Protein chains: 2
Amino acid sequence: MKSEKISELTTNRLSVYLRCLNEIAVAGAKTVSSKALADRFHLNSAQIRKDLAYFGEFGVRGVGYYVEALRNHLTKILGLDRENRVGIIGAGRLGTALADYYGFRKANFTVAALFDADPKKIGKKVGETEVKDIKNFAAVVKQDNIEVAVIAVPAEFAQAALERVEKAGIKAVMNFAPVALKTSNGVKLKSIDLTTSLESLSYFLAQPPKQSSRNVKPKVKDRRE
Amino acid sequence: MKSEKISELTTNRLSVYLRCLNEIAVAGAKTVSSKALADRFHLNSAQIRKDLAYFGEFGVRGVGYYVEALRNHLTKILGLDRENRVGIIGAGRLGTALADYYGFRKANFTVAALFDADPKKIGKKVGETEVKDIKNFAAVVKQDNIEVAVIAVPAEFAQAALERVEKAGIKAVMNFAPVALKTSNGVKLKSIDLTTSLESLSYFLAQPPKQSSRNVKPKVKDRRE
DNA sequence: ACCAAATTGTGAAATATCGCGCAATATGGT
DNA sequence: ACCATATTGCGCGATATTTCACAATTTGGT
């Protein structure tokens with residue numbers, strides 16, 4: 001275990017490992033090796049060991065990792081053992097779809113409130129959650145202990161939404177608007193940009209087919225079984 | 001211009017640049033410098049120049065880039081000047097929300113069909129688009145010239161969906177199921193994993209606050225104005 | 001015609017990320 | 001007790017990506 005800074009690539013993979021461990025636990029295995037994990041996705045076993053080693057020596061040489069123990073460790077490391085209260089800004093199609101997205105619950109995220117500026121939407125309920133006036137954002141955040149904001153508004157309003165979020169003292173934000181946002185220091189912003197993902201796929205299709213061989217993932221030298 | 005392989009990080013950025021150029025074009029500027037572009041997002045101007053240089057010498061020294069010309073180049077490079085026909089697999093909440101997502105149209109993607117296995121959903125219409133039986137996937141793909149598949153089914157069915165897609169000869173797939181999929185050679189898979197993104201945010205929140213200084217983005221040394 | 005300012009394209013240096021290879025160590029068989 | 005096998009943790013070299021820094025070029029002012 002070292003106390004270097006952890007890259008986001010690593011934390012993303014931790015999430016994937018945990019997901020996999022859950023499957024393995026259901027299947028009933030007691031231990032699992034990094035090699036076995038690596039084979040499930042297309043990853044290198046050394047990378048898995050290295051990712052885990054940032055946080056401790058969880059494995060046993062000659063044996064592998066104890067599934068239950070590693071599961072508990074990863075759950076704690078990722079903070080999934082505590083509730084994360086979420087406020088979603090934007091009660092449009094995306095915002096309301098997210099409000100009852102199962103994945104939130106699975107990651108121990110509770111959608112505490114939805115916010116919108118449209119008087120026609122304010123006051124309505126989406127599932128269990130009431131749509132509140134965005135003007136009351138800061139007050140609701142305090143009252144409901146909201147720590148995470150999700151921005152699901154059109155691109156032109158996203159920066160303003162982010163600034164309101166930051167003023168309310170929130171430190172973790174997930175953004176779905178297709179726009180580059182500027183954050184203040186200490187605020188963690190994670191963006192999911194569907195447009196960019198689509199256009200990147202489009203690029204692939206637009207390329208002459210000879211180049212398709214480039215996308216063959218020549219990695220994964222760990223898979224000779 | 002060199003003919004190296006282009007990283008996906010680069011193509012993602014091209015998409016962002018294009019979006020920015022569109023704004024600039026609306027604002028009426030004729031030319032733009034890499035520095036001006038860099039300042040809009042938190043990027044390094046050299047990176048922008050280098051990204052563009054993979055595809056040609058679009059700039060003029062001492063002047064910058066002609067907005068209209070660069071816009072046209074990027075549109076072509078990303079393949080946004082031709083229609084991309086899409087089939088969405090899974091007519092659940094996500095699939096139907098995607099079916100009339102505005103971003104698809106903007107990127108010149110046309111949702112040609114939705115597919116599902118549930119007899120209750122088959123035959124219904126979502127906006128303009130009819131929900132078809134997944135069993136007829138390959139036939140519909142041929143008939144409607146579908147080139148891109150979007151997987152919006154629960155995780156446990158995603159791998160099967162992908163295999164069906166590949167058998168139908170489709171080479172570009174976007175996956176929303178939170179699971180690591182295995183693709184055949186030559187098939188481009190782009191995954192958007194909300195669960196992983198959430199858990200990565202959760203990690204940030206779970207960390208002791210001393211570490212928040214790590215996330216200050218010490219990059220962007222190009223911003224001294 | 002010349003010079004200062006602006007700005008590109010790009011080689012080279014700096015960082016970041018990944019994968020190999022192996023010593024260290026645990027297990028199970030004999 | 002010993003040896004063969006399995007498998008981790010990790011140093012180190014390999015790749016990938018980003019950033020620097022500067023010659024080359026264009027523009028506009030004098």
Side-chain angles (χ1 to χ4, degrees), chain A residues 1-14 16-17 24 29-39 41-67 69-70 73 214-225, chain B residues 1-14 16-17 24 29-39 41-67 69-70 73 214-225:
Chain A
M1 157 120 103
K2 347 176 171 181
S3 69
E4 297 170 36
K5 61 175 179 178
I6 309 298
S7 127
E8 193 160 319
L9 297 171
T10 296
T11 59
N12 286 345
R13 282 191 298 265
L14 291 184
V16 174
Y17 302 158
I24 289 173
K30 282 283 175 234
T31 65
V32 66
S33 71
S34 60
K35 172 101 163 44
L37 276 173
D39 287 350
F41 355 92
H42 293 252
L43 280 178
N44 181 288
S45 65
Q47 181 158 70
I48 296 179
R49 294 198 295 277
K50 201 157 267 192
D51 285 340
L52 296 175
Y54 284 125
F55 300 95
E57 301 203 359
F58 301 138
V60 180
R61 291 169 192 218
V63 178
Y65 299 89
Y66 289 99
V67 175
L70 187 53
H73 275 125
R214 282 186 343 225
N215 300 71
V216 167
K217 296 205 186 184
K219 322 222 154 177
V220 191
K221 299 188 183 154
D222 205 42
R223 320 204 73 251
R224 19 99 190 153
E225 176 88 317
Chain B
M1 160 119 99
K2 349 175 171 179
S3 69
E4 296 169 38
K5 62 175 178 178
I6 308 299
S7 126
E8 191 158 321
L9 297 170
T10 296
T11 60
N12 286 345
R13 282 191 300 264
L14 292 184
V16 174
Y17 303 158
I24 289 173
K30 281 283 175 237
T31 65
V32 65
S33 71
S34 59
K35 171 101 165 45
L37 275 173
D39 287 350
F41 357 91
H42 293 251
L43 279 178
N44 181 289
S45 64
Q47 182 159 68
I48 296 179
R49 293 198 295 278
K50 202 156 262 192
D51 284 341
L52 296 176
Y54 284 124
F55 299 96
E57 301 202 0
F58 302 138
V60 181
R61 290 169 192 220
V63 176
Y65 298 90
Y66 289 99
V67 175
L70 186 54
H73 275 124
R214 283 187 341 227
N215 300 70
V216 167
K217 294 203 187 185
K219 322 221 155 176
V220 191
K221 298 188 184 154
D222 205 42
R223 320 201 74 250
R224 19 100 188 151
E225 179 93 315

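In this text the structure is predicted, and so the values were computed from the model without any measurement. Per chain, numbering begins at 1; letters A, B, ... match sequence-line order.
- In terms of phosphate contacts, A/S34 brings a side-chain nitrogen or oxygen within less than 4.0 Å of OP1 or OP2 of D/dT8.
- With rounding to whole Å, A/I48 atom CD1 is found 16 Å from C/dC20 atom C1'.
- Two residues are said to be in side-chain contact when any heavy atoms from C-beta on lie closer than 4.5 Å; B/Y65 and B/V60 fail this criterion.
- The CZ atom of B/R13 sits 12 Å away from the C1' atom of D/dT19 (whole-angstrom rounding).
- Contact annotation: A/R61 does not reach the phosphate of C/dA24 (side-chain N/O to OP1 or OP2, under 4.0 Å).
- If you take NE2 of B/H42 and C1' of D/dT19, they are 17 Å apart, rounded to a whole angstrom.
- Using a 4.0 Å cut-off, some side-chain N or O of A/Y65 falls inside it from OP1 or OP2 of D/dG9.
- Annotation: of the two residues near DNA chain D, A/G62 and A/L52, the 5′-most nearest-nucleotide partner is A/G62.
- Toward the 5′ end of DNA chain C lies the nearest nucleotide of A/D51, the other residue of the pair A/D51 and A/Y66 mapping further downstream.
- Of the side-chain N and O atoms in A/K5, one or more sit less than 4.0 angstrom from OP1 or OP2 of C/dA16.
- One can place CD1 of B/I6 at 15 Å from C1' of D/dT18, the figure rounded to the nearest angstrom.
- Nearest nucleotide to the side chain of A/V63, out of C/dT17, C/dT27, D/dC20: C/dT27.
- The listed nucleotides are C/dC18, C/dT8, D/dC10; the one nearest the side chain of A/L9 is C/dC18.
- The structure places CG of B/N44 at 10.5 Å from NZ of B/K35, a figure rounded to the nearest 0.5 Å.
- Here the rule is ring pair (Phe, Tyr, Trp, His ring centres under 6.0 Å) with B/H73, and of B/Y54, B/F58, B/Y17, B/Y66 only B/F58 fits it.
- One atom, CG of B/N44, and another, P of C/dT15, lie 14 Å apart when rounded to the nearest Å.
- Between A/Y54 atom OH and D/dG9 atom C1' the separation is 12 Å, expressed in whole Å.
- The side chain of B/R49 lies closest to D/dA21, out of D/dT19, D/dA21, D/dT8.
- The separation between B/K35 atom NZ and D/dC20 atom C1' is 15 Å, rounded to whole Å.
- For A/K50, whose side chain is taken as the heavy atoms from C-beta onward, the closest listed nucleotide among C/dT8, D/dG11, D/dC20 is D/dG11.
- Rounding to the nearest 0.5 Å gives a distance of 5.5 Å between CG of A/L52 and CG of A/L70.
- Backbone-only engagement by A/S7 is indicated by non-hydrogen atom pairs under 4.0 Å involving sugar-phosphate atoms exclusively.
- Comparing D/dT26, C/dG19, C/dG11 by their nearest atom to the side chain of A/Q47 picks out C/dG19.
- Of the candidates D/dT18, D/dC20, D/dC10, D/dC10 carries the atom nearest the A/A46 side chain, counting heavy atoms from C-beta on.
- Within the 4.5 Å cutoff, the side chain of A/I6 has no heavy atoms near those of the A/L14 side chain.
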